[in-house]
2 protein chains.
Amino acid sequence: MTETDIFKALADPTRRHMLERLSAGERNATELREGLAMSQPAISQHLAVLRSAGLIEEEKSGRQMRYRIRPDGLAPVVDWLARYRAFWPERVDRLKTLLREMDQ
Amino acid sequence: MTETDIFKALADPTRRHMLERLSAGERNATELREGLAMSQPAISQHLAVLRSAGLIEEEKSGRQMRYRIRPDGLAPVVDWLARYRAFWPERVDRLKTLLREMDQ
DNA sequence: GCAATAGATAAGTCGATTCTTATATATTAC
DNA sequence: GTAATATATAAGAATCGACTTATCTATTGC
């Protein structure tokens, strides 16, 4: 759940792919496996990494596990990145647009 | 220089520490080594990782190498993060404040 | 109860990462 | 030219990370 844990978790393409899927809504482990050429334990291990980085949370539902993004999980990255705002001025416009959209 | 390269580069505390120092201004390799209990080659290797992730750039100055943050380097992280904006609403106020500051 | 299903855990393999020491290259100072 | 300084590169050791197969646990359907 430290910055290091989070960046390590995000450093793997499979895990970023899983997060992307979860950003569309809850999924169980089997659903998250779809399209990935990887064993079931591998998926389970990736989910464990995301979980202990605080990026996802889970809920048991019968014999399934429903995974979802943990809203606060990326906060440390946002905060970390904010310290370097002086170095990405050309991204500011994009962010402003974003925030304007969110206001509506 | 891919998302994966960048997140991997950021996943190491020593490298994040180096970036933080560089955010205060240019440094050469020897200066970046200060306070780190690590051999000179180790520093050099970390700098190579940051460089090939596109996060820093360097300029030769005599027998020294001056390192600095590459302004665009973090752009892929900003963009990636923006896709998850829906999941960090409580950070928006902070960002708004930030942008307001920058406008002044 | 028993078979099937969903998922986690254990143990091992293999390549990648992060160090080390030794050495090479370029620049500066004298 | 020679010694000292700044840095990079090479090679190797130790640890870590991402997989695998085998197995375990919990739940469901019949």
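Chain letters run A, B, ... following the sequence lines, proteins first and then strands; every chain starts at 1.
Note that OG of A:S39 is 7.0 Å distant from CD of A:Q45, once rounded to the nearest 0.5 Å. Atom NE2 of B:H17 is separated from atom CG of B:D12 by 12.0 Å, given to the nearest 0.5 angstrom. Put simply, CD1 on A:I43 and OG1 on A:T14 are 7.0 Å apart, with the number rounded to the nearest 0.5 Å.
Every residue meeting the salt bridge (Lys or Arg N to Asp or Glu O under 4.0 Å) condition with B:R16, not counting sequence neighbours, appears here in chain and number order: A:E3. Under the rule for a salt bridge (Lys or Arg N to Asp or Glu O under 4.0 Å), A:R15 has no partner lying at least two apart in sequence or in another chain.
A donor-acceptor contact shorter than 3.5 Å is absent between the side chain of A:D79 and the backbone of A:P76.
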B:L10 and A:L10: CA distance, side-chain angles, deciding distance, side chain to side chain contact (heavy atoms under 4.5 Å, CB included) verdict: CA-CA 10 Å; B:L10 297 179; A:L10 297 178; over 6 Å; no

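Between B:F7 and B:W80, the ring planes lie perpendicular to each other; the angle is over 60°, past the 30° to 60° tilted range.
A:L55 and A:M1 fall into different hydrophobic clusters, where Ile, Leu, Val, Met, Phe, Trp and Tyr residues are linked whenever their side-chain heavy atoms come under 4.5 Å apart, directly or through other members.
Between the CG atom of A:L50 and the C1' atom of C:dA8 there is a distance of 16 Å, rounded to whole Å. One atom, CG of A:L47, and another, P of D:dA18, lie 13 Å apart when rounded to the nearest Å. Nucleotide C:dA8 holds its C1' atom 14 Å from the CZ atom of A:R33, rounded to whole Å. C:dA8 atom P lies 13 Å from atom CZ of A:R66, rounded to whole Å. Atom C1' of nucleotide C:dA6 and atom OH of A:Y67 are separated by 10 Å, given to the nearest angstrom. Between the C1' atom of C:dA6 and the CD atom of A:E34 lies a distance of 14 Å, rounded to the nearest Å.
Near DNA chain D, meaning a heavy atom under 4.0 Å from it, residues 16-24 of chain A has no residue at all.
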Side-chain donor-acceptor distances from residues 18-27 of chain A under 3.5 Å, at least two apart:
{"unit_1": "A:E20", "atom_1": "OE1", "unit_2": "B:R83", "atom_2": "NH2", "d": "3.0"}
{"unit_1": "A:R21", "atom_1": "NH1", "unit_2": "A:E31", "atom_2": "O", "d": "3.0"}
{"unit_1": "A:R21", "atom_1": "NH1", "unit_2": "A:E34", "atom_2": "O", "d": "2.9"}
{"unit_1": "A:R21", "atom_1": "NH2", "unit_2": "A:E34", "atom_2": "O", "d": "2.8"}
{"unit_1": "A:S23", "atom_1": "OG", "unit_2": "A:E20", "atom_2": "O", "d": "2.6"}
{"unit_1": "A:E26", "atom_1": "OE1", "unit_2": "A:R66", "atom_2": "NH1", "d": "2.9"}
{"unit_1": "A:E26", "atom_1": "OE2", "unit_2": "A:R68", "atom_2": "NE", "d": "2.8"}
{"unit_1": "A:E26", "atom_1": "OE2", "unit_2": "A:R68", "atom_2": "NH2", "d": "3.3"}
{"unit_1": "A:R27", "atom_1": "NH1", "unit_2": "A:G25", "atom_2": "O", "d": "3.4"}

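Residues A:A48 and B:H46 both approach DNA chain C. Their nearest nucleotides, taken by heavy-atom distance, put A:A48 toward the 5′ side.
For B:R51, the CZ atom is loosely surrounded, since the number of other residues' heavy atoms within 6.0 Å does not exceed 12.
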Strictly under 4.0 angstrom, non-hydrogen atoms only: write out the protein contact profile of nucleotides 21-30 of chain D, one letter per nucleotide from the 5' end, B, S or -. BB---SBB--

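The nucleotide whose nearest atom lies closest to any side-chain atom of A:M38 is, among D:dT20, C:dG7, D:dT7, D:dT20.
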Atom pairs under 3.5 Å, N or O on each side, protein against nucleotides 13-17 of chain C: can you list them with distances?
{"unit_1": "C:dT17", "atom_1": "OP1", "unit_2": "B:K8", "atom_2": "NZ", "d": "3.0"}

